[in-house]
Amino acid sequence: MRAGLWFCVLVSFFWGSCLGRFVVEKNSLRVTSPKDLKGVYECAIGNFGVPQYGGTMLGFVVYPKANRKACKAFDEFDISFKTKAGGLPTFLLIERGDCYFTTKAWNAQKAGAAAVLVSDDKIEPLITMDVPEEEMGNADYLQNISIPSALITKDLGDSFKKALANGDMVNVNLDWRESLPHPDERVEYEFWTNSNDECGPKCNSQIEFVRNFKGAAQILEHKGYTQFTPHYITWYCPEAFSLSKQCESQCINHGRYCAPDPEQDFSKGYDGKDVVMQNLRQLCVFKVANESGKPWLWWDYVTDFSIRCPMKEKKFNKECADKVIESLGLDLKRIDKCIGDPDANEENPILKAEQDAQIGHDSRGDVTILPTLVINNRQYRGKLDKAAVLKALCAGFQETTEPAICLTEEIETNECLENNGGCWHDKAANVTACKDTFRGRVCKCPIIHGVQFVGDGYTRCEASGSGRCEINNGGCWKQTKDSTTYSACVEGVSNGCKCPAGFKGDGIKLCEDVDECKERTACQCPECRCKNTWGSYECSCSGDLLYMREHDTCISKKTTEVGWSFLWVIFLGLGIAGLGAYAVYKYRIRNYMDSEIRAIMAQYMPLENQAEVPSHFSHGHV
Ligand SMILES: *[C@@H]1O[C@H](CO)[C@@H](O)[C@H](O)[C@H]1NC(C)=O
Ligand SMILES: *[C@@H]1O[C@H](CO)[C@@H](O)[C@H](O)[C@H]1NC(C)=O
Ligand SMILES: *[C@@H]1O[C@H](CO)[C@@H](O)[C@H](O)[C@H]1NC(C)=O
């Protein structure tokens with residue numbers, strides 16, 4: 001029995017169904033003509049497309065001449081159901097069988113049908129038409145199905161066909177107004193999800209939904225219109241296996257709470273245990289956020305975690321999660337306390353409660369499919385898409401108590417006003433990466449005065465490109481003394497800060513003046529007198545000598561015309577030769593010039609000058 005459950009659990013996790021108590025969600029179908037079919041019938045809402053929760057839809061039934069199972073595109077048969085101006089929408093009646101329900105709906109939609117009525121092929125209670133269970137190569141059409149689909153009984157389908165064959169017009173009204181309870185002015189809803197981000201289209205569509213729906217969810221929660229609770233499915237390892245390798249790697253708390261391996265490969269990547277831990281952390285984030293009166297932070301956490309800590313980048317861990325938690329201003333200690341010790345041989349109250357909640361009660365069946373959305377204790381059917389889900393949520397309010405968001409999508413909020421939404425910001429420069437959008441806030445490095453900031457948007461944004469020094473000096477050091485300003489920002493370099501010549505330091509917080517005299521980096525010739533200044537130094541030479549700064553040496557003022565012009569010829573020659581190797585030239589010039597000038601001086605200067613040199617030294621300034 002327990003082993004059976006475990007198997008079922010594994011199967012359902014990946015393939016999405018199990019023998020739990022499954023509730024078929026229904027809407028009603030009212031036939032207004034022909035007369036002998038008049039009445040209200042039940043049909044089952046398909047788990048794809050967009051059911052018009054809270055609304056009704058009027059149309060007339062068409063039974064195609066060919067392609068009656070709608071497994072092929074109707075173009076191939078030259079059939080179209082596009083509504084002409086003033087005409088009633090077409091509800092396409094098609095047969096069950098031979099291909100996926102979603103293929104049928106997609107073909108019908110492409111041909112212009114407004115809704116699909118699938119007639120069951122055997123006499124049985126209504127079932128829920130679901131999406132294909134295995135992954136399919138081109139599953140992107142699933143998200144594009146926007147018409148509602150309903151399964152009708154074989155009996156009703158046969159009656160429709162008979163009436164149509166008699167030339168009767170079959171008018172029906174699909175009605176979803178009572179598909180969800182709507183007792184009061186607050187909607188309670190649950191989202192059953194999973195932190196695993198590597199299970200293909202199913203995981204991708206869950207996280208896509210959270211990102212897209214976040215804005216609306218937060219507004220509704222903020223204003224008290226909804227009470228949202230996230231949920232996570234876990235399973236226990238059958239006791240007989242609790243010490244097996246599989247259970248050890250998939251479970252925490254001695255086999256009590258497990259999730260299947262994300263890659264379905266025990267030997268590599270993340271284990272089921274990592275997923276359970278992350279699920280538990282998300283539950284605790286919700287608990288702590290809810291207790292702080294900010295339950296909507298769950299949406300930010302889950303979105304940010306999926307962006308910042310994906311499995312792909314090997315960041316699906318506590319360290320990365322903690323950074324996200326801190327950026328949202330949540331109390332890490334309380335969350336750690338809530339998580340408890342995953343190695344302890346004891347129940348975790350949070351996960352225990354989740355397992356209990358999996359079992360259905362009242363009108364809600366067991367939760368066995370991920371993701372599952374439960375609205376006012378009824379399972380939502382239809383695609384997981386912002387507009388479709390919002391429509392369903394809005395149908396859960398007692399009439400006239402719907403919030404404005406249900407009536408219009410134009411809504412005003414600015415989640416960046418508080419704590420910059422947890423995004424990167426620079427107080428000094430008054431810039432933030434927080435951007436308010438309809439889908440809630442996003443953390444994205446800004447462009448300010450044409451300067452692009454680059455970084456992850458959460459912990460880091462740096463101005464880059466030209467003009468970056470204009471903004472907060474590019475985040476680099478800058479100081480002014482005696483009306484002289486030095487800056488460590490290097491224009492054009494993407495994000496480097498470099499202390500200017502005459503300074504040393506990291507360039508960001510600090511650049512310190514270099515004492516050239518003490519450090520003996522300049523003005524070191526025997527006849528030089530050195531004086532340090534801020535960012536530079538002064539050097540003078542004794543006697544008749546003149547200090548040549550660029551060569552850091554002293555030369556005599558008393559040179560002949562020939563000497564100077566000869567020197568210039570040499571400089572010019574050096575300049576041309578050195579163009580290509582300027583850097584090398586700069587680096588070596590001091591040594592080079594030293595010997596060169598001495599050689600020149602030996603040739604062209606009066607010998608007594610030469611003789612004076614050592615005397616200066618011996619009289620010493622040092
Ligand atoms: C589904 O819609 C998207 C965007 O509207 C489009 O890019 C894509 O091609 C569509 N897929 C199919 C199979 O039509
Ligand atoms: C969240 O907080 C509200 C109000 O404090 C409370 O009624 C509700 O039960 C809490 N939800 C959960 C799941 O703890
Ligand atoms: C920061 O900039 C925003 C708009 O960019 C402005 O509204 C706000 O007053 C500024 N704050 C400070 C402290 O300068």
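Values in this document were obtained by computation on a predicted structure and should not be read as measured data. Read the numbers this way: they start at 1 and go in the same order the structure lists the ligands and their atoms. All values below were derived from every heavy atom in this structure, side-chain atoms included, with hydrogens, water molecules and symmetry-related copies excluded.
- Summary of contacts: the protein heavy atom closest to atom 9 (O) of ligand 1 is Asp140 OD2, 4.3 Å.
- The shortest non-hydrogen separation linking Trp192 to Glu354 is CH2-O, 3.9 Å.
- Between Gln218 and Asp300, the side chains place a donor N or O and an acceptor N or O closer than 3.5 Å (distance only, hydrogens not considered).
- Heavy atoms of Glu291 found under 4.0 angstrom from ligand 2: none, in either backbone or side chain.
- Phe228 pairs with exactly one of Phe191, Trp299, Trp296 by the ring pair (Phe, Tyr, Trp, His ring centres under 6.0 Å) rule, that one being Trp299.
- Remark: ligand 2 and Thr229 share no N or O pair separated by less than 3.5 Å (distance only, no angle test).
- With 2.5 angstrom as the limit on SG-SG distance, Cys423 and Cys443 come in below it.
- Heavy-atom contacts of Phe286 reach the following atoms of ligand 2: 13 (C) (cutoff under 4.0 Å).
- For atom 1 (C) of ligand 1, the closest non-hydrogen atom on the protein side is Asn144 ND2, 1.4 Å.
- For the cysteines Cys258 and Cys237, the sulfur (SG) atoms lie at a distance of at least 2.5 angstrom from each other.
- Of the candidates Gln355, Gln282, Gln278, Tyr232 forms a side chain to side chain donor-acceptor pair (under 3.5 Å) with just one, namely Gln282.
- Within the 4.0 Å cut-off (strictly below), no protein heavy atom is located near atom 7 (O) of ligand 1.
- Among all non-hydrogen protein atoms, the one lying nearest atom 2 (O) of ligand 2 is Asn290 ND2, 2.4 Å.
- Aromatic ring centres of Phe316 and Phe305: separated by under 6.0 Å.
- For atom 4 (C) of ligand 1, the nearest protein heavy atom is 4.0 Å or more away.
- There is a protein heavy atom less than 4.0 angstrom from atom 14 (O) of ligand 2.
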